[in-house]
Amino acid sequence: MSLVNKLKFRINEDSDRFSELPEDIIHHILSFLPIKDVVRARILSKTWKSLSNSYEILLDLHYDHNSFALELLLDSEIEPEIDEIRDKFMDYADNHLSRVVQQQIPVLKLAVNVAVIGSEFCGVNHLMELVRKARVEELSIFVQTQDFHWYDDEVVFDEGIILYEFPYSITEAKWLRSLTLQGCKFISNNNSGMYSSLQQLYLSQVLLLSDEALSNIANCCPEIEVIEFDCFFFGIDNLKLSKFPKLKKATVKGDHSNLQSVDITETNLESFWCNSLDLDCLMNLAACSNIRELKLKQCNIGLDLLKDLTTYFPLLENAKLSSVIPYTEVLDRITVANPHLRSLKLLFDRVIQEISINCPKLSHFDYTGAGFEEVYLDCPRLRTCYYNSREVPRLILLDSPTDMQYNFYCFEVDYKLDKSWFISIRKFLEQIARYNTADGFVLDEFEGVQAFKPKNVHLQVQILYGGPETNQFSTAFVDGLVWITRPTTLSYLCEKIAEKSRDSSCCDQQLCSKYWWHNISDFEVKHKEKDMTQNLASLVEMTKQSRRGLSVRLRPADLMPFHFKFEWHSIERQPQH
């Protein structure tokens, strides 16, 4: 139980005793609380709200060289020199922070953005001495030097590179919980101090030359629970996170020169993020057993982990895996049967034979990639599903709610379509319904193939016209879509639908399987809420004008589509020719 909760509990028991405490006593009590808890203490009672308001706290203190320089330039009639700007900024930051330290004002968040000319770090060091004496919980340090953009250049990485060497020891900073460093470097240093209270460490564009330097960081930050490496330069090839014994969340992202692998074996992580091109992630069963959040992108992991997420990640709640299959490896099956999994997002750039997902608590599923040949989805609590692939699944078996908030399937289309693509789509729709073109492509290819007859299908098509070939393909494509779906409503910019006519030579006394429009018993069409059913000639002319409008670069959004509503013949109701 936190100290604030304990205080709240005692106040609820005997509110008058705490409310009548002298102000200096309450201030003394507040001085032992983390600053965030002091803010929260204001809800305990009206008296505590008044007293905690009288206890001065700086929630956000920011010393930014760039903002200071801009204001100075705008206020000065004569443009100041760079040295003058730097000196005035350091004097301002030094004087203001000195008052904060002298008055012992707690600071929740302190951010320092300093620019250094050459290797003159004396001003930074003096400012860090003040930071060392301040009561700060969340500290962010950004030191801009001439070598700050070293990660973009071909430079020789050694201890002589001009970056601020952050001190290992801030012995008096016992309140420090979170530290963010940008544009600094760590070298081997045997005189390591102690950040005894530090729990979160964020390192961005930082230079770390040796494994000994990493060990020094771990030794002086024994309580670290969260660590992040972003665009780091390592003088080592393997980042071993077990050096941080209490680590719960680790993030490795961006470019990492020289680094070849990140090793999370012998750790007890609850969250692991890795987004770094071609970086090998070394894991084992013991290290994965406590992970609840897993986000991997463009890195390499063992295929055994992908084949069976259940065994390796029994407590997994949130997973996002993107482009993590090495090009030299072949993966034929993915099995996900995690009882705690709530969100799953996958992106794979190759066709995989099968995916089986059996997760009773899964509410969000998102897939983008080349496709699966077989999809088995047993998720009774699924709320949203997004499936975007190049290939249509050959088989899909679903057990999902009928009242899902979002259920979207998207498949790529190119000019090499033939009848088989539409047949695949039709089979896909049939399977979905159970549970809840080549240049010469013509509709005649469907003759003899019975059309699928789903209910309440709403088809919306938007095609940007690019010339006669595009128009010919788009017309045939919409013909195929309507044939396989027989939609209740259709939104489309194409005059061909209005020009369709019946041909008695192909469908005598039976449903026509050759031309879909022969099976329409009745329809209505509207344009901008105006009934156009009895004025199809005008509809055709409006569409032709819309097409000409597209040719002169009118926005497609300015062109309202026509909305068709169809009634179809059934087997019992034979069309009369």
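What you are looking at is a predicted structure, and each value in this text was computed from that prediction instead of being measured.
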Contact between [X] and [Y] at the side-chain level, heavy atoms closer than 4.5 Å - yes or no?
{"X": "Glu374", "Y": "Arg394", "answer": "yes"}
{"X": "Cys274", "Y": "Leu279", "answer": "yes"}
{"X": "Val392", "Y": "Trp421", "answer": "yes"}
{"X": "Thr335", "Y": "Ile357", "answer": "no"}
{"X": "Val262", "Y": "Leu282", "answer": "no"}
{"X": "Leu377", "Y": "Ile396", "answer": "no"}
{"X": "Asp230", "Y": "Leu203", "answer": "no"}
{"X": "Leu395", "Y": "Leu397", "answer": "yes"}

With no hydrogens and no angle check, is any side-chain donor or acceptor of [X] less than 3.5 Å from a backbone partner on [Y]?
{"X": "Arg383", "Y": "Asp403", "value": "yes"}
{"X": "Asn338", "Y": "Phe313", "value": "yes"}
{"X": "Ser67", "Y": "Asp64", "value": "no"}
{"X": "Arg292", "Y": "Asn290", "value": "yes"}
{"X": "Thr310", "Y": "Ala337", "value": "yes"}

Original post:
Between Glu138 and Ser178, does any side-chain donor sit less than 3.5 Å from a side-chain acceptor?
Top reply: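 Distance-only check fails for Glu138 and Ser178.
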At what distance, to the nearest 0.5 angstrom, does [atom1] of [X] lie from [atom2] of [Y]?
{"X": "Asn388", "Y": "Cys410", "atom1": "CG", "atom2": "SG", "answer": "4.0 Å"}
{"X": "Asn113", "Y": "Asn66", "atom1": "CG", "atom2": "CG", "answer": "5.0 Å"}
{"X": "Leu315", "Y": "Leu341", "atom1": "CG", "atom2": "CG", "answer": "11.5 Å"}
{"X": "Ile355", "Y": "Leu331", "atom1": "CD1", "atom2": "CG", "answer": "9.5 Å"}
{"X": "Leu296", "Y": "Asn275", "atom1": "CG", "atom2": "CG", "answer": "9.5 Å"}
{"X": "Leu344", "Y": "Asn318", "atom1": "CG", "atom2": "CG", "answer": "9.0 Å"}

Subject >> Audit row: Glu228, Lys249, salt bridge (Lys or Arg N to Asp or Glu O under 4.0 Å) steps and yes/no >> reply: CA-CA 8 Å; Glu228 178 178 302; Lys249 178 178 180 179; over 6 Å; no
**OP:** Dump the intermediate steps for side chain to side chain donor-acceptor pair (under 3.5 Å) on Gln182 and Gln205, then the final yes or no.
**Re:** CA-CA 6 Å; Gln182 186 175 3; Gln205 292 141 19; 2.9 Å; yes
Partners meeting side chain to side chain donor-acceptor pair (under 3.5 Å) with [X] (sequence neighbours left out):
{"X": "Ser323", "value": "none"}
{"X": "Asn300", "value": "Asp280"}
{"X": "Asn268", "value": "none"}

For [X] and [Y], which heavy atoms make the closest approach, and how far apart are they?
{"X": "Thr267", "Y": "Leu241", "value": "CG2-C, 3.9 Å"}
{"X": "Met283", "Y": "Leu294", "value": "CE-CD1, 4.5 Å"}
{"X": "Phe244", "Y": "Ala218", "value": "CE2-CA, 3.6 Å"}
{"X": "Pro401", "Y": "Pro380", "value": "CG-O, 2.9 Å"}
{"X": "Ser289", "Y": "Pro314", "value": "O-CG, 3.6 Å"}
{"X": "Thr265", "Y": "Ala287", "value": "CA-CB, 3.9 Å"}

**OP:** Give the C-alpha distance, both sets of side-chain angles, the deciding distance and a yes or no for side-chain contact (heavy atoms from CB on, under 4.5 Å) between Phe229 and Thr251.
**Re:** CA-CA 6 Å; Phe229 301 93; Thr251 301; over 6 Å; no
Subject >> Pairs meeting criterion salt bridge (Lys or Arg N to Asp or Glu O under 4.0 Å) with involvement of residues 256-268, two or more places apart >> reply: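 Salt bridge (Lys or Arg N to Asp or Glu O under 4.0 Å) check on residues 256-268 returns Lys240-Asp263.
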**OP:** Write out all pairs satisfying salt bridge (Lys or Arg N to Asp or Glu O under 4.0 Å) with one or both partners inside residues 304-315, taking only residues at least two apart or from two chains.
**Re:**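 Listed once each, the pairs would be none.
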Original post:
Got more than 12 heavy atoms from elsewhere within 6.0 Å of NZ, Lys295?
Top reply: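 Count over threshold, so yes.
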Original post:
More than 12 foreign heavy atoms under 6.0 Å from CZ of Arg350: is that the case here?
Top reply: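 Counting other residues, nucleotides and ligands, CZ of Arg350 exceeds 12 neighbours.
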**OP:** Check the pair Thr384 / Leu382 against side-chain contact (heavy atoms from CB on, under 4.5 Å), numbers first and verdict last.
**Re:** CA-CA 6 Å; Thr384 64; Leu382 195 63; 5.9 Å; no
Original post:
Do Leu305 and Cys288 pass the side-chain contact (heavy atoms from CB on, under 4.5 Å) test, and can you show the C-alpha distance, the side-chain angles, and the key distance before you say yes or no?
Top reply: CA-CA 9 Å; Leu305 276 70; Cys288 298; 4.2 Å; yes
Subject >> Parallel, tilted or perpendicular, as decided by the 30° and 60° cut-offs, for the rings of Phe348 and Phe372 >> reply: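 Rings of Phe372 and Phe348: perpendicular, as their planes differ by over 60°.
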Subject >> Those residues that, when tested against Tyr386, pass ring pair (Phe, Tyr, Trp, His ring centres under 6.0 Å) (two or more places apart) >> reply: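 Partners of Tyr386 under the ring pair (Phe, Tyr, Trp, His ring centres under 6.0 Å) test: Phe408.
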**OP:** Answer yes or no: is there an ion pair linking Lys243 with Asp211, defined by an N-O contact shorter than 4.0 Å?
**Re:**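 Salt bridge present between Lys243 and Asp211.
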Subject >> side-chain contact (heavy atoms from CB on, under 4.5 Å) between Leu398 and Tyr376, worked out >> reply: CA-CA 6 Å; Leu398 302 180; Tyr376 302 92; over 6 Å; no
Original post:
Under 6.0 Å between ring centres, would you say that holds for Phe428 and Tyr409?
Top reply: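 Yes - the distance between ring centres of Phe428 and Tyr409 falls below the 6.0 Å cut-off.
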